[in-house]
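We count ligands from 1, going down the list as the structure has it; atoms in each ligand are counted the same way.
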Amino acid sequence: MAEQEYDLIVVGSGAGALLGAIRAQEQGLRTLVVEKTELFGGTSALSGGGIWIPVNYDQKNAGIQDDLETAFGYMKRCVRGMATDDRVLAYVETASKMAEYLRQIGIPYRAMAKYADYYPHIEGSRPGGRTMDPVDFNAAKLGVAALETMRPGPPGNQLFGRMSINAFEAHSMLSRELKSRFTILGIMLRYFLDYPWRSKTKRDRRMTGGQALIAGLLTAANKAGVELRSNSPLKELVQDASGRVIGVVLEKNGQRTQVKARRGVLLGAGGFERNQEMRDQYLNKPTRAEWTATPVGGNTGDAHRAGQALGAQLALMDWSWGVPTMDVPKEPAFRGIFVERSLPGCMVVNANGQRFLNESGPYPEFQQAMLAEHAKGNGGVPAWIVFDASFRAQNPMGPLMPGSAVPDSKLRKSWLNNVYWKGETLEDLARQIGVDAAGLKDSARRMTEYARTGKDLDFDRGGNVFDRYYGDPRLGNPNLGPIEKGPFYAVRLWPGEIGTKGGLLTDREGRVIDTHGRIIEGLYCVGNNSASVMGPAYAGAGSTLGPAMTFAFRAVADMVGKP
Ligand code: FAD
């Protein structure tokens, strides 16, 4: 006997799930969102909030020309046949409408003029403008009580672990623009002077990135009247005699209850990266759940399994949105190293002390290269990011702030030989981290030589517009710097991810397809719960959140019969 009845039940509370719920409620469907953990927002709340939206409303302001045909061609080439043309086209055609909808519900975005697509060598790529960053959001609109139910952002996305910083500001700082000094000062002043707000909560009023996106979505969900339940994991999907999905079984405080869904169920319960058994079954080895950067206790593939129990087809299960990660004690999840590896004066080596990749390339390919190197027997897991005293003085590396601001003497004592390793010479460092000293010295010598000539003869680091986005624009090659001045440092990298990308196969409306190629009526799936429309690729920054929300938008249109 069903406990309650809704039109739509949405499973999970990441960006795709919430956007679908808001849209559905607005279109007249009484909607319930169920979240497994005690906090709403999922990995989406930890994210940069970036969305990859071809032909978007702000591209002209960013000075970028784009059109649907070019964007479709680029994405199709990236996808390499691992998602159908039909779905790729649906994405390209709808993404900008979804972004427009976000703006309408109070979550405007700006195009990032200089953030290039991830594969500049692929025809149809653009040197910027397709990635969009959310405009800062004032958390007062959500309210302190609701804010406390939202997953906080990761320390790595904040200044001094407290103050929000947006993608434009971060880029300006890392590019060492003069104006960034005033920006930092402004951020600090605004935070500390906002005593009325800080007396209520430690969390910054000014939300950026994924925090701005999720705070905006939760605000819109509350306004639309969406019902949200935390600590309510999906256990099973319920079908009627015809096979149509008509509800869910939830668990709350150890009790199972059935909730009916008249129009359907939208799954948005994330990937399976926190499930070691599923990792062992599907992902390339070695693979460990603790290497992931996504929230502990969240994404264990529950809804993958619930869909499978109904005969749903799985695809892309061996792919993830890879990123190198590092372990920072006391941080709840491993930290993704997205940016630092691109800055001049560092290099990444295997156990032989040799470089094996372009450090500035896209992070999914970086993670794949680590695994491939390991499979060759060269010890790519863990890999080591190595830098010298000059790099240390000027640049951040994970939780290490630039030495000019926080010298080694001020770093936590427990971090030495745990978060970072330090040697007076390269031989000394090599001995400590267990890599080949001759190989390491040779790699540093070559990198120093390449920094002088501006050309990386081994991996062409800095050879394209994507690499150069995070670098020092004052240099001939913004991504190359010498590694010659002791002491030398190393940080350990693991092949982690920001989510898995395999899941239930869907059609262009987000409807789940079974192993016989038929639609499972009443069942929709988005985000990392579904097989990604990006196939093996990461077309540009925002390639996970953009599709999650776009297919949620399409799914609701399908449910209500309004294209
Ligand atoms: P999630 O956001 O993880 O949401 C899934 C939710 O479902 C979770 O809250 C989980 O607890 C819940 N759930 C799980 N099982 C159940 C169940 N049985 N019942 C009910 N609920 C359940 N991507 C981008 O596109 N752009 C970026 O800028 C970006 N930056 C990132 C930065 C960082 C540091 C990280 C970690 C990730 C970033 N990503 C980015 C990746 C992106 O955050 C994820 O791919 C995306 O959030 C996945 O969305 P989702 O809705 O599928 O899953």
Cut-off 3.5 Å, no hydrogens considered: what does the side-chain donor-acceptor table look like for residues 40-53, sequence neighbours left out?
unit_1: Thr43; atom_1: OG1; unit_2: Asn299; atom_2: ND2; d: 3.4
unit_1: Ser44; atom_1: OG; unit_2: Ala15; atom_2: N; d: 3.0
unit_1: Ser47; atom_1: OG; unit_2: Ser44; atom_2: O; d: 2.7
unit_1: Ser47; atom_1: OG; unit_2: Gly49; atom_2: N; d: 2.9
unit_1: Trp52; atom_1: NE1; unit_2: Asp117; atom_2: OD1; d: 2.9

Practice prompt. Considering only non-hydrogen protein atoms, determine which one is nearest to atom 10 (C) of ligand 1 and report residue, atom name and distance to 0.1 Å.
Written response: Asn299 OD1, 3.2 Å
Worksheet entry | Gly535 backbone acceptor or donor facing Lys501 side chain under 3.5 Å | yes
Fill in: Closest protein heavy atom (residue, atom, distance) for atom 27 (C) of ligand 1
Gly50 N, 3.7 Å
Item to complete: Answer yes or no: does an N/O atom from Ala293 fall short of 3.5 Å to an N/O atom of ligand 1?
Response: no
Item to complete: Select the closest option to atom 29 (C) of ligand 1 among Ser47, Gly270, Ala303, judged by heavy-atom distance.
Response: Ser47
Worksheet item: Is there at least one pair of N or O atoms, one from Thr294 and one from ligand 1, spaced under 3.5 Å apart?
Response: no
Worksheet item: In terms of side-chain geometry, is the basic nitrogen of Asp7 or Arg30 positioned less than 4.0 Å from the acidic oxygen of its partner?
Response: no
Discussion item. Between Arg256 and Val249 (side chain of the first, backbone of the second, donor and acceptor by atom type, cut-off under 3.5 Å), is there such a pair?
Written reply: no
Worksheet item: Heavy atoms only: which of Thr43, Val526, Leu213 is nearest to atom 3 (O) of ligand 1?
Response: Thr43
Practice prompt. Only heavy atoms count here, so choose which of Ser44, Ser543, Gly527 is nearest to atom 49 (O) of ligand 1.
Written response: Ser44
Discussion item. Check for me whether Ala306 has a heavy atom closer than 4.0 Å to any atom of ligand 1.
Written reply: no
Discussion item. Check contact between Ser13 and ligand 1, using heavy atoms of the residue and a distance below 4.0 angstrom.
Written reply: yes
Fill in: Identity and distance of the protein heavy atom lying nearest atom 51 (O) of ligand 1
Gly14 CA, 3.6 Å
Discussion item. Evaluate Phe551 against Thr506 for side chain to side chain contact (heavy atoms under 4.5 Å, CB included), listing each step before the verdict.
Written reply: CA-CA 10 Å; Phe551 283 103; Thr506 58; 5.8 Å; no
Discussion item. Under a 3.5 Å distance rule, please check whether Gln313 uses its side chain to pair with a backbone N or O of Ile513 as donor and acceptor.
Written reply: no
Item to complete: Give the residue, atom name and distance (to 0.1 Å) of the protein heavy atom nearest atom 39 (N) of ligand 1.
Response: Ile498 CD1, 3.6 Å
Worksheet item: Got the closest protein heavy atom to atom 19 (N) of ligand 1, with its distance?
Response: Leu234 N, 2.9 Å
Discussion item. Out of all atoms in ligand 1, which are within 4.0 Å of some heavy atom of Thr37? Include the element for each.
Written reply: 11 (O)
Worksheet, complete the sentence: Checking heavy-atom distances from atom 9 (O) of ligand 1 to each of Lys36, Glu35, Lys235, the winner is Glu35
Response to the item:
Looking only at protein heavy atoms, what sits closest to atom 45 (O) of ligand 1 is Thr544 OG1, 2.8 Å
Worksheet item: Mind checking what makes salt bridge (Lys or Arg N to Asp or Glu O under 4.0 Å) contact with Asp136, not counting sequence neighbours?
Response: Arg206
Worksheet item: Should Gly48 be counted as touching ligand 1, given the test is an N or O pair under 3.5 Å?
Response: yes
Worksheet item: Does ligand 1 have an atom that lies less than 4.0 angstrom from a heavy atom of Gly49?
Response: yes
Discussion item. Quick check: Asn157 and ligand 1, any N/O pair under 3.5 Å apart?
Written reply: no
Practice prompt. Using a strict 4.0 Å cut-off to heavy atoms of Gly41, name the atoms of ligand 1 that fall inside it.
Written response: 2 (O)
Fill in: Nearest non-hydrogen protein atom, atom 25 (O) of ligand 1
Leu545 N, 2.8 Å
Practice prompt. Name the closest protein heavy atom to atom 14 (C) of ligand 1, giving the residue it belongs to and the distance to 0.1 Å.
Written response: Ala269 O, 3.2 Å
Worksheet item: Relative to the heavy atoms of Val34, which atoms of ligand 1 are at a distance of less than 4.0 Å?
Response: 20 (C), 21 (N)
Discussion item. Looking at ligand 1, would Gly268 count as a contact under a 4.0 Å heavy-atom criterion?
Written reply: yes
Item to complete: Find the distance between CG (Leu505) and CG (Asp507) and round it off to the nearest 0.5 Å.
Response: 8.5 Å
Discussion item. If you take the centroid of each ring, where Trp contributes its six-membered ring, are Phe338 and Tyr470 closer together than 6.0 Å?
Written reply: no
Discussion item. Looking at Glu35, is its backbone amide N or carbonyl O close enough to the side chain of Ser13 to form a donor-acceptor pair, meaning the two atoms are under 3.5 Å apart?
Written reply: no
Fill in: Region of Asp302 engaging ligand 1 - heavy atom pairs below 4.0 Å
side chain
Item to complete: Could you establish whether Gly542 and ligand 1 come within less than 4.0 Å of each other, counting only heavy atoms on the residue side?
Response: yes
Fill in: Atom indices of ligand 1, in the order listed, that fall short of 4.0 Å to a heavy atom of Leu46
33 (C), 34 (C)
Worksheet entry | Contact atoms of ligand 1, heavy-atom distance to Val11 under 4.0 Å | 19 (N), 20 (C)
Worksheet item: How far apart are the C-alpha atoms of Leu371 and Gln367, what are their side-chain angles, what is the distance that settles it, and do they pass the side chain to side chain contact (heavy atoms under 4.5 Å, CB included) test?
Response: CA-CA 7 Å; Leu371 290 165; Gln367 180 244 35; 4.1 Å; yes
Item to complete: Using modelled atom types only, decide if a donor and an acceptor are shared between the side chain of Ser543 and the backbone of Gly540 within a distance under 3.5 Å.
Response: yes
Item to complete: Check whether any heavy atom of Gly499 sits under 4.0 Å from an atom of ligand 1.
Response: no
Worksheet item: Is the shortest distance from a Lys or Arg side-chain nitrogen in Arg335 or Glu340 to a carboxylate oxygen in the other one below 4.0 Å?
Response: no
Worksheet entry | Test log, rule side chain to side chain donor-acceptor pair (under 3.5 Å), inputs Gln276 and Arg279 | CA-CA 5 Å; Gln276 186 62 42; Arg279 293 180 78 101; 4.6 Å; no
Discussion item. Checking Lys97 against Phe553 for the side chain to side chain contact (heavy atoms under 4.5 Å, CB included) test, could you report, in this order, the C-alpha distance in whole Å, the side-chain angles of both residues, the deciding distance, and whether it holds?
Written reply: CA-CA 9 Å; Lys97 290 183 191 132; Phe553 190 75; 4.2 Å; yes
Practice prompt. Compute the shortest N/O to N/O distance between Asn528 and ligand 1 and return yes if it is under 3.5 Å, no if not.
Written response: yes
Worksheet item: Is the backbone of Glu169 close enough, under 3.5 Å, to the side chain of Thr183 for a donor and an acceptor to pair up by distance?
Response: no
Worksheet item: With the threshold set at 4.0 Å, does a side-chain nitrogen-carboxylate oxygen contact exist between Glu509 and Arg511?
Response: no
